[in-house]
Amino acid sequence: MESVTFLGKQLKNPLVLASGILGNNAGILERVHRAGCGLVTMKSIGPGPRDGHNNPTVIDLGFGMINAVGLPTPGYDHMDTEWQALSGRTFPLNASIYGGSLEEFVQVARFVSEQGPEFIEINISCPNSDRHGMLFGVDEKAAFAVTNAVKRVIAVPLIAKLTPAAPDIGKIARACEDAGADAICAINTAGPGMIIDIEAQMPVLAFKKGGLSGPMIKPVAVRCVYDIYRAVSIPIIGLGGVTTGEDAVEMFMAGATLVGMGSAVRYRGIEVFDQVNRELADWLTDHHVTRDEIIGAAHDRRHTP
Ligand SMILES: Cc1cc2nc3c(=O)[nH]c(=O)nc-3n(C[C@H](O)[C@H](O)[C@H](O)COP(=O)(O)O)c2cc1C
């Protein structure tokens with residue numbers, strides 16, 4: 001696929017590695033970029049150190065995955081080795097951050113911005129300790145407040161990553177846009193869901209409930225991107241269940257500017273980026289259209305490019 005300009009930065013193609021799939025090791029992230037990924041997202045970084053949930057944390061259901069990893073992090077200020085290695089990188093980096101309160105988000109964002117990533121993505125699918133554990137991303141006021149507060153302390157474009165748990169995801173996206181977000185990423189995992197071991201008569205995951213990802217959530221993700229496209233005029237990273245070039249085409253038609261993949265990396269390896277780039281290019285050639293021409297094509301009202 002051809003290179004694209006996203007929020008003023010040149011990416012070699014429109015494919016994005018989702019957060020949390022391959023960690024934060026500079027060597028691994030570099031390999032993903034070399035394997036055909038246009039923009040690499042880091043595993044979410046928060047205040048820490050914080051252990052994740054007990055095993056088992058990730059189960060492959062064949063048609064997607066269920067996970068309750070629990071946002072483990074060494075802590076944003078305990079990552080000297082990673083930041084050092086990433087400072088010499090040759091690829092664009094999207095740093096994902098989270099906090100349990102507005103103050104924590106601001107603290108992490110300020111520090112991470114100083115490390116010089118190309119973009120900062122706020123993972124607002126985590127519980128807000130000031131609001132009795134309600135997710136930041138299901139409440140317009142909380143989403144506005146956190147986006148606005150982070151925007152004030154960072155020097156790079158801000159991407160707000162939304163949860164499909166929001167009753168009206170378009171309204172949340174709009175609140176983030178109003179607060180200064182430069183782009184939206186959707187979606188984080190769906191659910192939560194649960195699987196039960198019927199012989200043991202207990203939930204399989206140690207945390208009992210987990211987020212759903214992979215092919216089974218693609219229709220939810222496509223619907224969310226569609227709703228967001230109608231609500232905002234900033235670009236969207238469409239993410240959730242994409243595994244093939246045709247899945248990516250569907251995301252573009254719903255309104256995505258870039259397309260992310262997470263679980264697909266587990267199913268098809270990091271080669272999935274090269275493969276999807278090729279499948280996408282072939283589809284566009286066969287249909288005599290460009291990527292720009294199909295963005296938002298499923299809508300009766302399209303953004304001006
Ligand atoms: C094992 C695992 C860990 C994840 N960790 C994070 C994370 O740290 N931060 C985040 O924003 N999303 C995280 N996600 C969500 C993904 O980035 C993505 O939004 C979701 O999996 C849907 O995309 P997919 O269907 O392509 O996997 C994680 C997903 C999985 C499967």
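In listed order, ligands and their atoms are each counted from 1.
On a distance-only criterion, N67 and ligand 1 share no N/O pair closer than 3.5 Å. Of the N or O atoms in G260, none lie within a sub-3.5 Å distance of an N or O in ligand 1.
A distance of 12.0 Å separates CZ of R174 from CZ of F144, quoted to the nearest 0.5 Å. Distance check: N67 CG to R266 CZ gives 8.0 Å after rounding to the nearest 0.5 Å.
Distances from atom 27 (O) of ligand 1 to the heavy atoms of S263, A221, C126 show the closest one on S263. Ranked by closest heavy atom to atom 1 (C) of ligand 1, the top entry among V242, I187, I217, V69 is V69. Nearest-heavy-atom check against atom 5 (N) of ligand 1 across K161, K43, R266 picks out K43. Across the listed options S19, A68, A264, C185, S19 owns the non-hydrogen atom lying nearest to atom 16 (C) of ligand 1. By heavy-atom distance, the residue among P164, A18, G241 lying nearest atom 24 (P) of ligand 1 is G241.
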Verdict with reasoning, Y98 to F136, per ring pair (Phe, Tyr, Trp, His ring centres under 6.0 Å): CA-CA 10 Å; Y98 72 90; F136 277 98; over 10 Å; no
Do L162 and C176 pass the side-chain contact (heavy atoms from CB on, under 4.5 Å) test, and can you show the C-alpha distance, the side-chain angles, and the key distance before you say yes or no? CA-CA 10 Å; L162 307 190; C176 294; 4.0 Å; yes
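Protein heavy atom nearest atom 9 (N) of ligand 1, with residue, atom name and distance: S44 OG, 2.7 Å. Here the heavy atom of the protein found nearest to atom 21 (O) of ligand 1 is S213 CB, 3.3 Å. Scanning the protein for heavy atoms near atom 15 (C) of ligand 1, the closest one is N188 OD1, 3.4 Å. Looking only at heavy atoms of the protein, atom 26 (O) of ligand 1 is closest to G262 N, 2.9 Å. Among all protein heavy atoms, the one lying closest to atom 3 (C) of ligand 1 is G20 O, 3.4 Å.
Around CZ of F111, the count of heavy atoms belonging to other residues, nucleotides or ligands within 6.0 Å exceeds 12.
Residues F119 and F6 place their aromatic rings such that the two centres sit under 6.0 Å apart.
Ring planes of Y226 and H299: parallel class, angle under 30° (limits at 30 and 60°).
Counting the atoms of ligand 1 from 1 in the order shown, those under 4.0 Å from a heavy atom of L71 are 8 (O). Distances below 4.0 Å separate heavy atoms of N123 from the following atoms of ligand 1: 9 (N), 10 (C), 11 (O). Contact atoms of ligand 1 toward L239: 18 (C), 19 (O), 23 (O), 26 (O) (distance under 4.0 Å to a heavy atom of the residue).
At least one heavy atom of G214 sits closer than 4.0 Å to an atom of ligand 1.
Counting only distance, with no hydrogens or angles, the side chain of T73 and the backbone of R50 share no donor-acceptor pair below 3.5 Å. With hydrogens and angles ignored, the 3.5 Å screen pairs no side-chain donor or acceptor of S213 with any backbone N or O of G211.
At a cut-off of 3.5 Å, with distance as the only test, a side-chain donor of T90 or E30 sits close to an acceptor on the other residue.
The part of M65 lying near ligand 1 is the side chain, judged by heavy-atom distances below 4.0 Å.
Ion pairing between a basic and an acidic side chain is recognised when a charged N comes within 4.0 Å of a carboxylate O; E118 and R89 show such pairing.
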